[in-house]
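What you see below is based on every heavy atom in this structure, not just the backbone, and it leaves out hydrogens, waters and symmetry mates. Naming convention: chains lettered A, B, ... in sequence-line order (proteins, then strands); numbering from 1 in each chain. Predicted model only: the values in this text are computed from it and were never measured.
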There are 2 protein chains.
Amino acid sequence: MAVQKTAEPRSARTTEAAEAEEAAAGPERLMAAELADEIEFLTARARSVGSGRANIALKELDLKVRSYSVLSLACSDLNPSQRELADFLSLDPSQIVALVDELERRGAVTREADARDRRSKVIAATPEGRRLYKQAFALVRTSEEHSLGELSHEERGQLRALLRRIAFKSAD
Amino acid sequence: MAVQKTAEPRSARTTEAAEAEEAAAGPERLMAAELADEIEFLTARARSVGSGRANIALKELDLKVRSYSVLSLACSDLNPSQRELADFLSLDPSQIVALVDELERRGAVTREADARDRRSKVIAATPEGRRLYKQAFALVRTSEEHSLGELSHEERGQLRALLRRIAFKSAD
DNA sequence: CGTATACCATTGATAAAGTCAACAGATTTT
DNA sequence: AAAATCTGTTGACTTTATCAATGGTATACG
């Protein structure tokens, strides 16, 4: 119904500018701006669309990328502590508390006191947590596939390697 | 359960590990986790550290990456409307209102009614806004330089190109 | 023509996320 | 043993995100 024709943005033939390119129209007319060359802006936008999509996909499991990330790390055999989760996920320790609370309430993870340092608690996934993770992983996988669809396997490798270097710069 | 094995958990100064470089220990023990291979996670973390640093740098001008981005686009000669800013920056239109309000209050940008479509307002930078942008750009530049320090010029080009493709996927 | 529909900027309400200080228990340092 | 540091936790508070509703404007359609 009523195809909204986007009303020819700003480049409407202004008598004089007739020969100009015929409106790249899209919402991406601004790609010509200087900002669009800044890697940090592109990173921010990429993550926005990516995690946005992932959140939608995860909704059917009542998860968000945040809780998914915690669950994922809990499923690793690395026995992360909450502090490590906070550092790794760039979150405040208090936010981890809430996320673990929720996952624990759902029976997906457990807090077990670390024998070596009784201050910290290691987060581990329950069998049920692992089942949940499997499903979530599949959804995220599909979502990511959708987001990175245009990139070849090799290009993804490049991108991953580059991002890893800026995401985990040594202390400074 | 009772996984007391797990090789070398956290500290445990096992006599033999002494010769190794004193534990890469860092908060990045978890890089071995599956999550660390997901591009979207890396993207999220990269933008977190990046915009975090940029925000700190911009504080001396009383700007944030958000307001800086708006200002930057206002300084382009593209005459963006608020709607376009919202789309481009992945923000809600109502957030743009607040950001433009602030910049306008500071005399950095103006809202001028679009002659072609009186619903929309084009955001343009004042001379003072351009001066402010110049300073901000320098700060962001330095900050970004600090974040991407390890990447060669060529690698930055690759990264930029790859990010652009996933940040601006056509509609879907 | 006029009316219905869609759009833009704006406001306001509400939820989610981020930031910070303080605190108890545990560990390390001195 | 005392001081200093760390971990998880709570709570207050700010910022950001999300969504519905509205007035003014433009387009579509009959």
Side-chain angles (χ1 to χ4, degrees), chain A residues 1-10 12 25 27 44 47-49 51-52 55-56 58-59 62-67 69-70 79-104 109-123, chain B residues 9-13 25 27 44-45 47-49 51-52 55-56 58-59 62-67 69-70 79-105 109-123:
Chain A
M1 336 302 179
V3 170
Q4 64 279 11
K5 114 188 254 217
T6 314
E8 190 95 25
R10 206 156 318 300
R47 91 102 204 189
S48 178
V49 311
S51 71
N55 271 326
I56 293 176
L58 283 171
K59 205 169 340 188
D62 224 329
L63 285 175
K64 301 184 182 172
V65 291
R66 304 167 66 107
S67 35
S69 298
V70 170
N79 294 324
S81 73
Q82 294 188 197
R83 161 56 84 177
E84 288 176 310
L85 293 178
D87 288 346
F88 198 66
L89 299 177
S90 312
L91 293 177
D92 190 89
S94 61
Q95 298 178 285
I96 301 293
V97 171
L99 290 168
V100 172
D101 276 354
E102 170 69 7
L103 289 175
E104 190 180 35
V109 308
T110 62
R111 282 184 237 243
E112 29 184 276
D114 184 342
R116 289 184 234 289
D117 185 343
R118 305 210 340 258
R119 285 174 298 185
S120 68
K121 307 178 182 174
V122 325
I123 307 305
Chain B
R10 224 163 319 299
S11 41
R13 48 172 46 44
R45 187 170 159 122
R47 93 100 203 189
S48 177
V49 311
S51 71
N55 271 327
I56 293 176
L58 284 171
K59 201 160 357 180
D62 223 329
L63 285 175
K64 301 184 183 175
V65 291
R66 302 167 66 107
S67 35
S69 298
V70 170
N79 294 323
S81 74
Q82 295 187 198
R83 161 56 85 178
E84 287 176 310
L85 292 178
D87 287 347
F88 198 66
L89 298 177
S90 312
L91 292 177
D92 190 90
S94 62
Q95 297 178 283
I96 302 292
V97 171
L99 289 168
V100 172
D101 277 353
E102 170 69 8
L103 289 174
E104 189 180 37
R105 192 189 58 74
V109 307
T110 62
R111 282 183 235 244
E112 29 183 276
D114 184 343
R116 288 184 237 291
D117 184 342
R118 305 214 337 262
R119 286 174 297 183
S120 70
K121 305 178 181 172
V122 325
I123 307 304

Quiz item: Once you round it to whole Å, what is the distance between C1' of C:dA9 and CD1 of B:I123?
Solution: 10 Å

Exercise. Check side-chain hydrogen bond (donor to acceptor under 3.5 Å, both in side chains) between A:S94 and all other residues, then give those that pass, not counting sequence neighbours.
Key: A:D92

Practice problem: Using a cut-off of strictly less than 4.0 Å, decide whether A:R116 has a side-chain nitrogen or oxygen near OP1 or OP2 of C:dT27. | Solution: no

Quiz item: Mind checking what makes side-chain contact (heavy atoms from CB on, under 4.5 Å) contact with B:K64, not counting sequence neighbours?
Solution: B:N55, B:S67

Quiz item: Atom CG of A:D101 to atom P of D:dG8: distance rounded to whole Å?
Solution: 13 Å

Quiz prompt | Set of salt bridge (charged side-chain N to carboxylate O under 4.0 Å, His left out) partners for A:R119, sequence neighbours left out | solution = A:D117

Self-check item: Euclidean distance, atom NZ of residue B:K59 to atom C1' of C:dG18 [Å, nearest integer]
Solution: 13 Å

Practice problem: Would you check if the side chain of B:R118 reaches a backbone N or O of B:A113 as a donor-acceptor pair within less than 3.5 Å? | Solution: no

Quiz item: What integer distance in Å separates A:L89:CG from C:dG18:C1'?
Solution: 15 Å

Self-check item: Residues in salt bridge (charged side-chain N to carboxylate O under 4.0 Å, His left out) contact with A:R66, at least two apart in sequence or another chain
Solution: none

Quiz item: Hey, does the side chain of A:R83 come within less than 4.0 Å of D:dT9's phosphate (OP1/OP2), counting only N and O?
Solution: no

Quiz item: Excluding sequence neighbours, so at least two apart, what forms side-chain hydrogen bond (donor to acceptor under 3.5 Å, both in side chains) with B:Q95?
Solution: none

Quiz prompt | Atom of A:N79, atom of A:V122 and distance for their closest heavy-atom approach | solution = O-CB, 3.9 Å

Quiz item: When the distance from CG of B:D87 to C1' of C:dC8 is rounded to whole Å, what number comes out?
Solution: 11 Å

Self-check item: Whole-Å distance separating the CZ atom of B:R47 from the C1' atom of D:dT16
Solution: 10 Å

Exercise. For A:T110, check side-chain contact (heavy atoms from CB on, under 4.5 Å) against everything at least two apart and list the hits.
Key: A:E112, A:A124, A:T126

Quiz item: Looking at residues at least two apart in the chain, or sitting in another chain, which of them share a side-chain hydrogen bond (donor to acceptor under 3.5 Å, both in side chains) with B:D101?
Solution: B:R111

Quiz item: How sharply is the helix from C:dC1-D:dG30 to C:dT30-D:dA1 bent, taking the axes over five pairs at either end and rounding to 10 degrees?
Solution: 30°

Quiz item: What is the distance, rounded to the nearest whole Å, between atom CG of A:N55 and atom C1' of C:dA15?
Solution: 14 Å

Exercise. Please check the phosphate of D:dA17 (OP1 and OP2 only) for any side-chain N or O of B:R66 closer than 4.0 Å.
Key: yes

Quiz prompt | Contact check, side chains of A:P93 and A:Q82, non-hydrogen atoms, under 4.5 Å | solution = no

Dump the pairs, protein N or O against N or O of nucleotides 23-26 of chain C, anything under 3.5 Å, distances to one decimal.
unit_1	atom_1	unit_2	atom_2	d
C:dA26	OP1	A:R118	NH2	3.0

Self-check item: Residues touching DNA chain C, which here means a heavy atom under 4.0 Å, drawn from residues 91-100 of chain A
Solution: A:L91, A:D92, A:S94, A:Q95

Exercise. Using side-chain contact (heavy atoms from CB on, under 4.5 Å) as the criterion, list what pairs up with B:S51, not counting sequence neighbours.
Key: B:R47, B:V65

